[in-house]
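Letters A, B, ... are given to chains in the order of the sequence lines, protein chains preceding strands, and every chain is numbered from 1. Only this structure's heavy atoms are used, side chains among them; waters, hydrogens and symmetry mates stay out.
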Amino acid sequence: MRINDVILRTVARIVVFIILTFGVELFLSGHNNPGGGFIGGLVLSSAFVLLYLVNDIETVRKGIPFDFKKIAAFGVLLAVGTGFGSVLFGEHFLTQAFGHFHLPIFGITELSTVVLFEAGVALTVVGVVVTIILTISEDV
Amino acid sequence: METLITVLVGLLVTVAVYLLLSRNLIRVILGTAVLSHAAHLLLMTMGNGLKKGSAPLLGENANSYVDALPQALILTAIVISFAVTAFLLVLAYRTYKKTGTDDLHALRGFNDE
Amino acid sequence: MTITLSIFIPFLAAIFIPFIYKRIQNRHIGWFVIIVPIALFIFLASFIPSIANGSTYMHTIRWIDSAGIHFATYLDGLSLIFALLITGVGSLVILYSIYYLSERESLGRFYVYLLLFMGAMLGVVLSDNLMMLYVFWELTSISSFLLIAFWYHRKKSRYGAQKSMLITVSGGIAMLAGFIMLQSLTGSFSVREIVATIGQYTDEPLFLWAMLLVLLGAFTKSAQFPFHIWLPDAMEAPTPVSAYLHSATMVKAGIYLVARFTPIFGGEAVWFYTVSGVGLFTLLVGSFNAVKQTDLKALLAYSTVSQLGLVMSLFGLGSVALQHGYSPDSVIYTQATFAALFHLINHSTFKGALFMVVGIVDHELGTRDIRRLGGLMAFMPITFTIALIGSFSMAGLPPFNGFLSKEMFFEALVNARNLEVFSTGTVGTLFLVVAWIASVFTFVYSMIIVFQTFFGEFHPERVEKPSSEASFGMLVAPSVLAIFVVGIFFFPNVVGNYLLRPAMTAIYPSFAGAEGLVPHIKAWHGFNPALWMTIGVIILGTILYKLIKYWRGVYTIAPLRWNLDTAFNAGLTWLEGGSHFITRMYMKGYLKDYLVYIFTFFIVAVGGSILWTGSYSFDFTDNSPIAINEFLIVLAMAGAALAMIFAKSRMTAIILNGVLGYSIALLFVVFRAPDLALTQTVVETVTTALFLLCFYFLPEWKKERSARKTKIMNGIIALSAGTIVTVLALAVQGNKMFESISVYFEDAYLLAGGKNIVNTILGDFRAFDTMLEVVVLFIAGIGVFTLIKLKTGKEDKDIEDQ
């Protein structure tokens, strides 16, 4: 799927970064505002898919040398692993903890283990969606 | 509003079942997609009433919020149905590549003795 | 605790075997495996003194309190005997197998199965909880299946494995039903507790059924008539397996079960008649059939069947003592049980040795057909000696341990004739005669093993390989067993006092410490009836052996040739045919038909119950108002959905599906679900892209060629399903029966520290759902990847039999 359109490529490069930023923002704001692991992950993966659509698969692969299957697997491990983390502290499986901390630059910030869990979810979504799209389009 | 949506759900289910019963593999897959749409809407109507309160974000400081539980369930369901649809699509694609047909009658595994 | 651990050690070891086998691809892997049973044997043997002093060890890991299922282990005298047999014979068998199996075999797999079996078998004898016992029981059946089918490329191996599995597992399921009945009677799965409380339930109708079902499990496992047919076919397993599973341990699980349940069911007349009757009949059938075998292993298989019958019948006879509880008169009957336990140990020693001898003969000469063998004494003096010791012990001759237990068997039968409790005067005499005849046959086949294999003339042209004595390593294990055979004869009371006494206490808890419960075993006790019977056996046996070619003809008499195997095979074929026929009636192979079943059931069941209960009352008063834009969205969706059915091209259909998806996203906005609207939009985009991607490769949409009738039928089903969903949903909305739980989640900030309620539900309150969902997503992704990447390039041909 090679599209030799300079304008499209240039625009896409900018758009991808906007989407990526938006995805991260969605992921981080998920706790208090709309967003979260799923949406963040989906938006991030759509950015990746756009990259693949606009550029050659090989080019992107050089730029992003990840195996997305492994990212997905890592995400699942992270999500399940945080569940076991609470077991180590004598809590029930998947119990999440949160607290407010005073950090130098950010001021009073809430930190929560749920972020780790959500990160696992997001990574899985990114990994799986990109894997699905990539494997199908590679099989031409 | 609830009644309207419920009737819509019934219509979607009818369409989905009709598509599922057809012989074409792609129509069957579309049927599952429509069926999950119907299920999502149905879940929505099962909550504490539609549009009664503000979005379930506590930052809104509203008096009442709409029911958040169906929303959480639907969110899960959307992603799962996406996974299932993707899988089915690829399955259909592989089946067609291997057998050269997408007609479910032609795909029948064994013959009558 | 350590006892619980000893069950797991074999399983743990089994996990590591494949890794070790990767590095050590030769027979020396056996040396790693053998550590496990030897260590366990030493560990368990260290309990002998304290168990002999009357202590027992119980350890419980609580598991499912509501169902009364716990991981409870219990070590008393009875379990100890079996545990020692399992680990002791296990060590010897593994030692033997190191030299027996060729390095070309997949040894890793073999030892994994063997360790699996060892762990399962230890689990059976050490469990106190019936559910645990059952699971381990079936695990032994499964590992036995795997071991019999070790040479799975042979058709006979597969047949034997399947047969043993079918018979023992069905027996196991019957036993499970019995266990559940016992639990519903007594309210406990613990054998200890059931023994303590069973007295008050003996009149319940379930009691008898529980007894019979448990017995069914025991009889199938211990190859009692008519379930004995699996054992000869199981001889397709490698000989170490036959020696271990099918003579020394697994087939004794049924005996263990009977012994373990004697305190529960023992006092009943039904128990007495079934156990001793079936046992004696098996003894007769087994020994009679053993004589006609020409394959040494098959002969040993039938002899095992008959010896198991002997032990079984002794347990039946011994149960009489429980009828009236303890009295100086009833103690005498416990001697049968004592003899049973004693013979159990003896049988493991001499039969194990004999199996190993047959394995050696097979290994060295390439055949185990009696007609082709003869005169091996000259080449294999040590093997011959072991075979002689084993066979003479089996025949019940002194100075071997079989003589002692056989004498006690006869004595128990003579005592049984005087029984008054069940007024068994004539029955007792019948038992005696049957047992005596069976012993004569036992004598005959024992002689066949020794004389037809090792005496006579050697015909080199009839065997596959030149003969020579087996390697030293192969002889060690049977020699050890042979030493035990002789040793136990001279020092029987060591076994009696240290092993059998605590086991007797376990079987007769009410007799604990009674005088005469553990008799002093003597080789010589004057010319009593038992001795006369033995002398008679020897005389008649010798005559029959000498004249065997004159009376072999009886085996061709028609009724004796009726075969249970044929019946079993015919039954199996009939069952297969029947289920195939029934399955073909509804498994049509069309996806549509299956969906029609599902939807029709849905329509009939749900629709029917709505009509039946008349619960279609609606209440629209609580509806929120509809704005015009919302109405338009719904209208668009309805139009798109209907158009989808009539779409002429697939592109239209996909676009219509997209319309549906995005409209739902809009509806989510209306319903104040920003998260959902976002997700739905992105997902819909990706899905549509996927559809388009796939359609690029798929053929153009063809017109449905279904008949008009089918289309109408489909339409009716679809319409009814849709209507029922609507009616059901409206009925639910109109009749709220419970308070909504959603209010709870509105404290999200306090409980989970988040202000987005939906997200706190996903990440915190119902994180389990989300976690599993992530897993599902991952599985789907892997599935897609696998489907596309792993194309079956080569057409694999199944390895079929020769």
message: Which one wins on heavy-atom pair count under 4.5 Å against chain B: C:T679, C:I779, C:I664?
response: C:I664
field: Non-hydrogen side-chain atoms of C:L667 and B:I5 separated by less than 4.5 Å
entry: yes
- prompt: Under a 4.5 Å heavy-atom cutoff, which of B:L91, B:L73, B:I29 has the most pairs with chain C?
  reply: B:L91
- prompt: Given that the side chain runs from C-beta out, which part of C:V727 has a heavy atom under 4.5 Å from chain B: side chain, backbone, both or neither?
  reply: neither
- prompt: Checking heavy atoms, do the side chain of B:L25, its backbone, both or neither come under 4.5 Å from chain C?
  reply: neither
- prompt: Is any side-chain heavy atom of C:L676 less than 4.5 Å from a side-chain heavy atom of B:M44?
  reply: yes
query: Any side-chain heavy atom of C:F671 sitting closer than 4.5 Å to one from B:Q71?
result: no
task: Supply the atom-to-atom distance C:K711 NZ to B:L21 CG, rounded to the nearest 0.5 angstrom.
output: 13.0 Å
- prompt: Where do C:L787 and B:Y93 land on the side chain to side chain contact (heavy atoms under 4.5 Å, CB included) test, with the steps shown first?
  reply: CA-CA 10 Å; C:L787 265 177; B:Y93 162 66; over 6 Å; no
field: Inter-residue atom distance B:L20.CG - C:Y594.OH, 0.5 Å rounding
entry: 16.0 Å
- prompt: Can you name the nearest heavy-atom pair linking B:R27 to C:I645, along with the distance?
  reply: NH2-O, 3.3 Å
message: If I measure from the heavy atoms of chain B, does C:V634 come under 4.5 Å with its side chain, its backbone, both, or neither?
response: both
query: OG1 of C:T687 to CG of B:L89: how many Å apart, nearest 0.5 Å?
result: 8.5 Å
query: For the residue pair C:L690 and B:A86, what are the closest heavy atoms and their distance?
result: CD1-CB, 3.6 Å
message: So which residue, C:A641, C:S720, C:P674, C:G661, ends up with the most heavy-atom pairs under 4.5 Å with chain B?
response: C:A641
task: Rounded to the nearest 0.5 Å, what's the gap from CZ on C:F631 to CE on B:M1? Could you check?
output: 10.0 Å
- prompt: Checking heavy atoms, do the side chain of B:L42, its backbone, both or neither come under 4.5 Å from chain C?
  reply: side chain
- prompt: What is the minimum heavy-atom distance between C:I761 and B:A72, and which atoms define it?
  reply: CG2-CB, 3.5 Å
- prompt: Side chain, backbone, both or neither: which part of B:T6 has a non-hydrogen atom closer than 4.5 Å to chain C?
  reply: both
message: As an exercise: rank C:M637, C:Q733, C:R766 by heavy-atom pairs under 4.5 Å with chain B and give me the winner.
response: C:Q733
C:V774 portion near chain B, given a 4.5 angstrom heavy-atom threshold: neither
message: Any heavy-atom pair between the side chains of B:Y18 and C:I717 that's under 4.5 Å?
response: no
field: Greatest number of heavy atom pairs closer than 4.5 Å to chain C - which of B:V9, B:V28, B:L41
entry: B:L41
field: Exercise: identify the closest heavy-atom pair between B:L30 and C:M644
entry: CD2-CE, 3.8 Å
message: Could you report the tightest heavy-atom contact between B:A68 and C:I757, atom names first, then the distance?
response: CB-CG2, 3.4 Å
- prompt: Between C:A718 and B:V17, which heavy-atom pair has the shortest distance, and what is it?
  reply: CA-CG1, 3.6 Å
- request: Calculate, to the nearest 0.5 Å, the distance between atoms CZ and CG belonging to B:F82 and C:L777 respectively.
  value: 7.0 Å
field: Side-chain heavy-atom pair C:K592, B:R23 within 4.5 angstrom cut-off
entry: no
- request: Would you give the length of the straight line joining atom CG of B:L11 to atom OG1 of C:T726, rounded to the nearest 0.5 angstrom?
  value: 8.5 Å
message: Out of C:T770, C:L730, C:V776, return the one with the most heavy atom pairs under 4.5 angstrom to chain B.
response: C:L730
query: Is there a side-chain contact between C:F691 and B:T85 (heavy atoms, below 4.5 Å)?
result: yes
